[in-house]
Amino acid sequence: MPSPLSPATIAIVKATIPALEAHGLAITRRMYERLFEDPAIRDLFNQSHHGETGSQPKALANAVLAYARNIDNLGALASAVERIAQKHVTLAILPAHYHAVADALLGAIRDVLGEAATPEIGAAWGEAYWFLADILIDREAAIYHDHEAQPGGWTGWRDVRIESVTIESETIRSFVLVPVDGGPVLRHQPGQSLGIRFDLPGEGVLTRNYSVSCAPNDRSYRITVKREATPGRPAGLVSSWLHDAAHPGMVLPIAAPAGDFVLDRASSAPVVLVSGGVGLTPMMSMLETLHAEAPERPTWYVHGALNGRVHAMAARARQFAAERPALRLHTVYEAPEATDRLGVDHDAIGRITPEWLVAHTPAAEATYYLCGPKPFLASLVHGLARLGVPAERIRYEFFGPADALVEEVPRVAA
């Protein structure tokens, strides 16, 4: 544990809050410009979060501001710090990377604030940065050590081969990955993700995180990927490559699975899994695990999709429900097509609401696991809390930048 921050540093950092409120986004944008001058550092980041939407600089600006506001109450940031450490492990982040970030961040503060960035402010933010960095480095070291100690565990990057490709829906495919070295894999916790590196022709090295969509086992991982496409914008580079070019036999480097969004396998209390779109990927890992390890545990799986054409793994979920009386399914299609049969392929039309969840699942005792787009999560996280579900029983994951320390959807769960 690093030495406590000095009272003078705490006071100076808190005094910079107005400047961060006014210029935080400019600082983080400049920080990334500086950081990405090093291609090796740039390759660690998902560049789609730094382009047109600028979601990662916005997330980091919020994070820096949250850190300043809570510099004298860091316990409030504990769950966010754990999330960052887990995400860093999926990217094989090392202590040396923190030096590059420190130089870029402190340099960006000077660049943006100019003369207002006095030597005292620079020294205080340097101390504050390394205090948090040392906490993260220590936690990440503990996770890496734990990985190495487990059967099939490793640190850094390990080559896997695509063993098979399965078309799950019109927009989603699954890829089974097995180690090239023939050894076992580290058993992931249901809900965790892998960091994967792609060297795409004409694009260079790109790093992405994908949830593992199968139950823990010793020989393989499965990822399930949606082809990302937004009207008026290019399709996702990596997801398009996986759909169009990836085939059995190809080799990819992966980091060991990590993440703090995990199924509580020790509990026997009811569990409610709720997903939207491709947010079903960690839920399928949880479903498969419950099917194998706790078939009597009361489980509800509630999924929302546009229609049957894009609904992945529907038959697999129905098979589990047929074999497990303790599992209840509820599927909602927002815009069903003529071939989508109400009562067979889907159970309702519209969107999943917190009111429906509280009325039809054991809200007084169940833990809710949520995954999907941010608007979907915002509605359900806030709604469940408003309807009386305790924060510790609302757990969620979304696909997007690792919003360090603070997120657009407030993390009400620990």
Take T224 and S174 through the test side-chain hydrogen bond (donor to acceptor under 3.5 Å, both in side chains) and record every step on the way to the result.
CA-CA 4 Å; T224 300; S174 288; 2.8 Å; yes
Side chain to side chain contact (heavy atoms under 4.5 Å, CB included) assessment of L194 paired with I223:
CA-CA 9 Å; L194 300 172; I223 61 170; 4.2 Å; yes
One pair to check against salt bridge (charged side-chain N to carboxylate O under 4.0 Å, His left out): R34 and D111. What are the steps and the verdict?
CA-CA 10 Å; R34 282 173 158 268; D111 291 347; 2.9 Å; yes
Can you check salt bridge (charged side-chain N to carboxylate O under 4.0 Å, His left out) on R309 and D340, steps first, answer last?
CA-CA 9 Å; R309 285 189 297 108; D340 293 326; over 6 Å; no
Could you walk me through whether I162 and L177 pass the side chain to side chain contact (heavy atoms under 4.5 Å, CB included) check?
CA-CA 5 Å; I162 299 175; L177 311 174; 3.9 Å; yes
Steps toward side-chain hydrogen bond (donor to acceptor under 3.5 Å, both in side chains) verdict (H291, T299):
CA-CA 10 Å; H291 187 73; T299 305; over 6 Å; no
Applying salt bridge (charged side-chain N to carboxylate O under 4.0 Å, His left out), run through R316 and E288 and close with a yes or a no.
CA-CA 9 Å; R316 188 163 184 78; E288 288 192 5; 2.8 Å; yes
Taking it one step at a time, do T90 and I254 satisfy side chain to side chain contact (heavy atoms under 4.5 Å, CB included)?
CA-CA 8 Å; T90 69; I254 68 170; over 6 Å; no
Should Y301 and S275 be marked as a side-chain hydrogen bond (donor to acceptor under 3.5 Å, both in side chains) after you check the CA-CA gap, both sets of side-chain angles, and the distance that decides it?
CA-CA 8 Å; Y301 178 38; S275 57; 2.9 Å; yes
Begin with the C-alpha distance, continue with both residues' side-chain angles, and end with the deciding distance and a verdict on side chain to side chain contact (heavy atoms under 4.5 Å, CB included) for Y369 and V272.
CA-CA 6 Å; Y369 294 84; V272 181; over 6 Å; no
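Proximity of T16 to I121: side-chain heavy atoms (C-beta onward) are separated by under 4.5 Å at one or more points. The closest side-chain heavy-atom distance from L206 to R197 is not below 4.5 Å. Side-chain contact check for P257 versus L186: some heavy-atom pair is nearer than 4.5 Å. The shortest distance between side-chain heavy atoms of I352 and V274 falls below 4.5 Å. Two residues are said to be in side-chain contact when any heavy atoms from C-beta on lie closer than 4.5 Å; L327 and L287 meet this criterion. Within the 4.5 Å cutoff, side-chain heavy atoms of R158 are placed close to those of P179. You'll find the side chain of V278 stays beyond 4.5 Å of the side chain of T171, heavy atoms only. Under the 4.5 Å side-chain criterion, counting only non-hydrogen atoms from C-beta, R139 is not in contact with H88.
Note that CZ of R29 is 12.0 Å distant from CG of L60, once rounded to the nearest 0.5 Å. Separating the CG atom in L132 from the CG atom in L77 is a distance of 8.0 Å, to the nearest 0.5 Å. Considering CD1 of I349 and CG of L342, their distance stands at 5.5 Å, rounded to 0.5 Å. Between atom CZ of residue R351 and atom CG of residue L380 there is a gap of 11.0 Å, rounded to the nearest 0.5 Å. Going from atom CG of L273 over to atom CZ of R395 covers 12.0 Å, rounded to the nearest 0.5 Å. Here CG of L242 is found 7.5 Å from CD1 of I196. Values are rounded to the nearest 0.5 Å.
For residues 17-28, the set of pairs meeting the salt bridge (charged side-chain N to carboxylate O under 4.0 Å, His left out) definition, not counting sequence neighbours, comprises E21-R69.
Minimum heavy-atom separation, P190 to R265: CD-NH1, 3.6 Å. When all heavy atoms of G372 and L377 are compared, the closest pair comes out as O-CD1, 3.4 Å. In this structure, N217 and V185 approach most closely via the heavy-atom pair O-CG2, 3.4 Å. Closest of all the heavy-atom pairs between L384 and P354 is N-CB, 3.8 Å. The two residues A246 and F175 come nearest to each other via the heavy atoms CB-CE2, 4.0 Å. Annotation for D345 and T331: closest pair O-CG2, 3.9 Å, computed over non-hydrogen atoms.
Taking the ring centroids of H303 and H330, they lie at or beyond the 6.0 Å cut-off.
Between F36 and Y32, the ring planes lie tilted relative to each other; the angle falls in the 30° to 60° range. Between F198 and W241, the ring-plane angle classifies as perpendicular under the 30° and 60° cut-offs. Classified by interplanar angle (parallel below 30°, tilted 30° to 60°, perpendicular above 60°), the ring pair Y221/W154 is tilted.
Panel note: side chain E397, backbone F261; no donor-acceptor pair is recorded below 3.5 Å. Using a distance-only test at 3.5 Å, with no hydrogens or angles considered, a donor-acceptor pair links the side chain of S239 to the main chain of E228. Proximity of a side-chain donor or acceptor of Q192 to a complementary backbone N or O of Q189 within less than 3.5 Å is detected. Side-chain N or O atoms of T9 include none that pairs as donor or acceptor with a backbone N or O of L5 at under 3.5 Å. Under the 3.5 Å distance criterion, the side-chain polar atoms of R173 are matched with a main-chain donor or acceptor of H243. With hydrogens and angles disregarded, a donor-acceptor distance shorter than 3.5 Å links the side chain of N70 to the backbone of A66. Put simply, the side chain of D146 never gets that close to the backbone of A142: no donor and acceptor are under 3.5 Å apart. Under a 3.5 Å cut-off, the side chain of S240 and the backbone N or O of L237 do not form any donor-acceptor pair. Put simply, the side chain of S379 never gets that close to the backbone of F376: no donor and acceptor are under 3.5 Å apart. In this structure, the side chain of R393 engages the main chain of A366 through a donor-acceptor pair within 3.5 Å.
Salt bridge absent: R222 and E168 never bring a charged side-chain N and a carboxylate O closer than 4.0 Å. Under the 4.0 Å criterion applied to side-chain N and carboxylate O atoms, E296 and R324 are not assigned as salt-bridge partners. Between R318 and E323 there is no salt bridge, since no side-chain N of the basic residue sits under 4.0 Å from a carboxylate O of the acidic one. Under 4.0 Å is where a charged nitrogen must lie from a carboxylate oxygen, and between D260 and K87 no such pair does.
With no hydrogens or angles considered, a side-chain donor-acceptor pair links T361 and Y368 at under 3.5 Å. E140 and Y98 are linked by a side-chain donor-acceptor pair at a separation below 3.5 angstrom, with hydrogens and angles left out of the test.
Among residues two or more places apart in sequence or in another chain, the ring pair (Phe, Tyr, Trp, His ring centres under 6.0 Å) test is passed with H247 by none.
Heavy atoms from other residues, nucleotides or ligands lying under 6.0 Å from CD1 of I167 number 12 at most.
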